[in-house]
Amino acid sequence: MSGLVLKLGPKERVLINGAVIENGDRRSKLAIVTPNANILRLRDAIHPHEVNTPVRRVCYISQLILSGETDKDVAHKQLIQGIEQLSQVFLDIDSKKILEQATSTALAGEYYKALKALRYLLPREERLMAGRA
């Protein structure tokens with residue numbers, strides 16, 4: 001079997017090609033075999049009013065691609081540029097590795113993996129913004 005496998009907890013929601021799907025009362029596994037389907041776990045979603053920092057902005061761009069709410073080509077360029085801008089700020093070795101992973105997965109069209117990598121920067125960004133780098 002190829003494709004993406006989603007493991008969902010009870011009552012967990014996921015957005016698939018614009019439709020919100022809610023899991024039942026038990027854990028389950030879904031195999032997505034359609035290539036290039038737009039998929040976003042709603043527990044990973046950043047709401048528009050929460051897009052108030054540079055890392056959140058770049059995560060949100062990836063999320064818009066996953067949800068199919070934007071022109072993929074335009075957003076892809078914005079995502080790559082956003083990751084490049086973040087690499088000018090996050091200079092430590094661990095952050096550079098995270099950004100390299102986000103870049104390589106985004107360039108490969110694996111936007112969920114890029115989003116997942118970028119989310120690791122959120123606590124670091126919070127510390128930087130609070131002045132506790």
Side-chain angles (χ1 to χ4, degrees):
M1 176 177 19
S2 63
L4 176 67
V5 176
L6 293 175
K7 296 177 184 176
L8 302 174
K11 300 293 184 187
E12 186 173 355
R13 293 179 177 186
V14 63
L15 182 71
I16 302 175
N17 288 338
V20 175
I21 310 294
E22 183 176 86
N23 190 27
D25 294 329
R26 296 184 179 175
R27 297 186 64 77
S28 64
K29 219 177 353 178
L30 295 174
I32 309 298
V33 295
T34 302
N36 303 317
N38 295 314
I39 299 168
L40 176 65
R41 284 181 185 271
L42 293 184
R43 72 175 182 201
D44 294 334
I46 296 174
H47 297 280
H49 67 276
E50 297 173 328
V51 182
N52 54 7
T53 67
V55 174
R56 287 181 176 274
R57 181 182 59 81
V58 177
C59 287
Y60 191 68
I61 293 168
S62 183
Q63 178 179 308
L64 288 174
I65 296 170
L66 288 168
S67 66
E69 295 181 36
T70 188
D71 180 284
K72 194 178 228 177
D73 294 332
V74 172
H76 176 86
K77 289 176 187 174
Q78 291 175 341
L79 178 61
I80 299 301
Q81 288 172 345
I83 294 170
E84 176 59 32
Q85 290 170 350
L86 292 175
S87 72
Q88 303 302 314
V89 176
F90 291 93
L91 303 174
D92 62 283
I93 293 170
D94 290 337
S95 295
K96 287 288 189 186
K97 288 179 184 177
I98 291 168
L99 290 164
E100 286 171 11
Q101 181 181 10
T103 300
S104 65
T105 55
L107 289 172
E110 297 175 338
Y111 300 107
Y112 186 79
K113 288 181 181 179
L115 173 61
K116 191 173 176 181
L118 289 165
R119 290 182 66 83
Y120 283 110
L121 293 176
L122 290 171
R124 295 164 193 249
E125 178 185 51
E126 190 174 319
R127 285 192 303 273
L128 281 173
M129 300 290 266
R132 302 182 313 236

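Note that this is a predicted model, so its numbers are computed, not measured. Both backbone and side-chain heavy atoms feed into the values below; hydrogens, waters and symmetry mates do not. Note that the numbering runs from 1 along the sequence shown for the chain.
Note on residues 80-89: pairs passing side-chain hydrogen bond (donor to acceptor under 3.5 Å, both in side chains), not counting sequence neighbours, are Arg57-Gln85, Glu84-Gln88. Sorted pairs that involve residues 78-98 and meet ring pair (Phe, Tyr, Trp, His ring centres under 6.0 Å), not counting sequence neighbours, are lacking altogether. Residue pairs that meet the salt bridge (charged side-chain N to carboxylate O under 4.0 Å, His left out) test with at least one member in residues 95-122, sequence neighbours left out, are Glu110-Lys113. Residue pairs meeting the ring pair (Phe, Tyr, Trp, His ring centres under 6.0 Å) criterion with at least one partner in residues 53-79, sequence neighbours excluded, are His76-Tyr111. Residue pairs meeting the salt bridge (charged side-chain N to carboxylate O under 4.0 Å, His left out) criterion with at least one member in residues 31-41, sequence neighbours excluded: Glu12-Arg41.
Not a single side chain to side chain donor-acceptor pair (under 3.5 Å) links Asn52 to another residue, sequence neighbours left out. With sequence neighbours left out, the side-chain contact (heavy atoms from CB on, under 4.5 Å) criterion links Arg26 to no other residue. Taking the side chain to side chain donor-acceptor pair (under 3.5 Å) definition, one finds that Asp44 meets it with Tyr112, sequence neighbours left out. In terms of the side-chain contact (heavy atoms from CB on, under 4.5 Å) criterion, residue partners of Arg13 (sequence neighbours excluded) are, by chain and number, Val20, Glu22, Leu42. Qualifying side chain to side chain donor-acceptor pair (under 3.5 Å) partners for Thr53, counting only residues two or more places apart in sequence or in other chains: Glu125. Here Asp73 pairs with nothing under the salt bridge (charged side-chain N to carboxylate O under 4.0 Å, His left out) rule; sequence neighbours left out. Scored by the side chain to side chain donor-acceptor pair (under 3.5 Å) test, Asn38 finds no partners at all (sequence neighbours excluded).
Between the CG atom in Leu66 and the NZ atom in Lys72 there is a gap of 8.5 Å [rounded to 0.5 Å]. Here CD1 of Ile93 is found 12.5 Å from CD1 of Ile98. Values are rounded to the nearest 0.5 Å. Distance check, rounded to the nearest 0.5 Å: CG of Leu6 to CD1 of Ile16 gives 6.0 Å. Atom CD1 in Ile61 sits 13.5 Å away from atom NZ in Lys77 (nearest 0.5 Å). The distance from atom CG of Leu15 to atom CD of Glu69, rounded to the nearest 0.5 Å, is 7.0 Å.
A heavy-atom distance below 4.5 Å is not found between the side chains of Ile65 and Leu115. In this structure, Gln78 and Thr70 have side chains that are not in contact, with every pair of non-hydrogen atoms separated by 4.5 Å or more. Taking 4.5 Å as the limit, every side-chain heavy atom of Val55 sits out of range of all side-chain heavy atoms of Leu128.
By the criterion of side-chain heavy atoms lying less than 4.5 angstrom apart, applied directly or through intervening Ile, Leu, Val, Met, Phe, Trp or Tyr residues, Ile46 is not grouped with Leu79; the two fall into different hydrophobic clusters. Linking Ile, Leu, Val, Met, Phe, Trp and Tyr residues whenever their side-chain heavy atoms come within less than 4.5 Å leaves Val58 and Ile80 in two separate clusters. The cluster map of Ile, Leu, Val, Met, Phe, Trp and Tyr, joined by side-chain heavy atoms under 4.5 Å apart, puts Leu86 and Leu107 in different clusters.
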- Task: Run the numbers on Ile83 and Leu118 for side chain to side chain contact (heavy atoms under 4.5 Å, CB included), then give the verdict.
- Result: CA-CA 9 Å; Ile83 294 170; Leu118 289 165; 4.2 Å; yes
- Please test Lys29 against Leu8 for side chain to side chain contact (heavy atoms under 4.5 Å, CB included), starting from the C-alpha separation and ending with a verdict. CA-CA 6 Å; Lys29 219 177 353 178; Leu8 302 174; over 6 Å; no
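Heavy atoms only, all atoms of each residue included: Ala114 and Ala102 are closest at CB-O, 3.7 Å.
Remark: side-chain polar atoms of Asn23 are paired, donor with acceptor, to backbone N or O of Gly9 under 3.5 angstrom.
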